[in-house]
Structure formats: structure tokens, C-alpha cells
Amino acid sequence: MADRVSDFLAQWAAERPDLDVTPMGVIGRLARASELMSRGIQTYFVEHGLQQGQFDVLATLRRSGRPFTLTPGALADSTMRSQAAMTNRLAGLETKGLIERKMDPDNRRSVLVSLTDEGLELVDRVVTGHVENERELLAPLTGAEQERLAGLLEKLLTGSGDIARD
């Protein structure tokens, strides 16, 4: 069964048989898969009153372990976002009562971000459904195929020089 990318590749093959468009197939499918997966993930988070970026912050704090506290810079690094984007996310989460920001007692120029009890309860509940949602999104692939794909993508990302640094 062919996908839309196969149609585009067939058109190129007909018009430019001299051109090896194999990279277009890989990149096109990665982009399409990313778009579809992101849409499915975002839909799940919206059902729980969150944006994906907000969940990323909550999940990063949760997986950091007790006391579920990090600096805004560490959060930005861990979620691969800019400090400005992090500031907006933190403000929204603080308004919802899911995180709190406090001055670092060891460094008065620094702020610490912590999960509130409500934030901890929410992220623990949402992450379970999130993993199940991702499992459903990947259902066309067997477990072994998912592992192989993950390994190939890791190889691509770690071997891509400047691309992997972003």
C-alpha cells in the first residue's frame, strides 16, 4: 500500500528519472509522521487542559525526582526550548496552580521551579494516558519494529552533526 509520499516520488521519477529521490522519501515520511503524531498527542493533552509544551515542563519536573524542582534554565535545556518560551510556559502553569516559583535560598539571583501537589497528581495521571495514546499512534508497527525505528532515528540524530545539536 502506497502513501502520499510514494505518489510524489513516482511523479519525480517520471519527470526526472536521472534523480535519486530516496532522501526525499525519508525526509517526507519523517515530516508527515511527525505531523500526524504531533496532532494525535496534542489532541490528548487538550482533553486534559494542557498544551504539549506545558506537559513537557510538568513531565521534566516529575522525572527529575524529588523534590521535583529545577531552575528555569535546566527546564529549558531539558525540554530543548528557549528561555523566553520557558518563561511563558511557566507563567501559564503557575496560573493553573501546577507549579510554583521561589527564590533559590542558596543563590538569591536564581529561581527554582517546583511541582505543586496538584501538578504532581495531574502529571502522574496524564502521563499514563499519554503513553497509552502513543502506543495507539504506533500500533501499525510491532514492538520489534518500534525498537528498530527508534534505533535508526537515534543513529540519524546522533550522527547528524549540527542537526543533532539543536
In one Ile/Leu/Val/Met/Phe/Trp/Tyr side-chain cluster, 4.5 Å: [X], [Y]:
X      : Y      : result
Met37  : Leu50  : yes
Leu149 : Leu36  : no
Leu141 : Leu153 : yes

Strictly by side-chain hydrogen bond (donor to acceptor under 3.5 Å, both in side chains), give each pair with a member in residues 85-95 just once, sequence neighbours left out.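 Residue pairs with at least one partner in residues 85-95: Glu94-Arg101.
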To check you understand the geometry: which heavy-atom pair defines the closest contact between [X] and [Y], and what is its length?
X      : Y      : value
Gly97  : Thr116 : O-OG1, 2.6 Å
Pro140 : Glu145 : O-OE1, 4.1 Å
Pro72  : Val111 : CD-O, 3.2 Å
Leu61  : Ser114 : CD1-C, 4.3 Å

With a 4.5 Å cut-off on side-chain heavy atoms, are [Y] and [X] touching?
X      : Y      : answer
Thr69  : Val113 : no
Leu122 : Leu98  : yes
Leu75  : Asp56  : no
Val57  : Met86  : yes
Val127 : Arg62  : no
Gln51  : Gln42  : yes

Is atom CD of Glu15 surrounded by more than 12 heavy atoms (other residues, nucleotides or ligands) closer than 6.0 Å?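 No, because the 6.0 Å sphere around CD of Glu15 holds 12 heavy atoms or fewer from other groups.
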Of all pairs that satisfy ring-ring contact (aromatic ring centres under 6.0 Å, His included), the ones with a partner from [range], not counting sequence neighbours:
range            : value
residues 117-140 : Phe45-His130, Phe55-His130
residues 89-125  : none
residues 70-99   : none
residues 82-107  : none

State the [atom1]-[atom2] distance between [X] and [Y], to the nearest 0.5 angstrom.
X      : Y      : atom1 : atom2 : result
Thr43  : His48  : OG1   : NE2   : 11.0 Å
Asn133 : Leu138 : CG    : CG    : 9.5 Å
Leu112 : Leu70  : CG    : CG    : 8.5 Å
Gln54  : Lys96  : CD    : NZ    : 4.0 Å

Could you pull out all residues at least two apart from Arg29 that satisfy salt bridge (Lys or Arg N to Asp or Glu O under 4.0 Å)?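 With sequence neighbours excluded, Arg29 shows a salt bridge (Lys or Arg N to Asp or Glu O under 4.0 Å) to Asp3, given in chain and number order.
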For Asp20, which residues count as a salt bridge (Lys or Arg N to Asp or Glu O under 4.0 Å) partner, sequence neighbours excluded?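 If we apply the salt bridge (Lys or Arg N to Asp or Glu O under 4.0 Å) test to Asp20, skipping adjacent residues, there are no hits.
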NZ/NE/NH1/NH2 to OD/OE distance under 4.0 Å, Glu35 and Arg32: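 Result for this pair is yes, salt bridge flagged.
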Under the side chain to side chain donor-acceptor pair (under 3.5 Å) rule, collect the residues that match up with Glu100, sequence neighbours excluded.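 For Glu100, the residues satisfying side chain to side chain donor-acceptor pair (under 3.5 Å) (neighbours in sequence not counted) are Lys102.
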Output all residues satisfying ring pair (Phe, Tyr, Trp, His ring centres under 6.0 Å) with Phe68, sequence neighbours left out; order by chain, then residue number.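 Residues passing ring pair (Phe, Tyr, Trp, His ring centres under 6.0 Å) with Phe68: none at all.
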Could you tell me whether the side chain of [X] and the main chain of [Y] form a donor-acceptor pair under 3.5 Å?
X     : Y      : value
Ser34 : Leu30  : no
Ser78 : Ala74  : no
Tyr44 : Val126 : yes

Using the salt bridge (charged side-chain N to carboxylate O under 4.0 Å, His left out) rule, collect all pairs that involve residues 125-144, keeping only residues at least two apart or in two chains.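 Listed once each, the pairs are Glu121-Arg125, Glu132-Arg135.
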Scan residues 111-120 for pairs that pass salt bridge (charged side-chain N to carboxylate O under 4.0 Å, His left out), counting only residues two or more places apart or in two chains.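 Sorted result for residues 111-120: empty, none.
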Under the 4.5 Å side-chain heavy-atom rule for ILVMFWY, direct or indirect, which residues accompany Leu9?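 Members besides Leu9, by chain and number: Val5, Trp12, Leu19, Val21, Met24.
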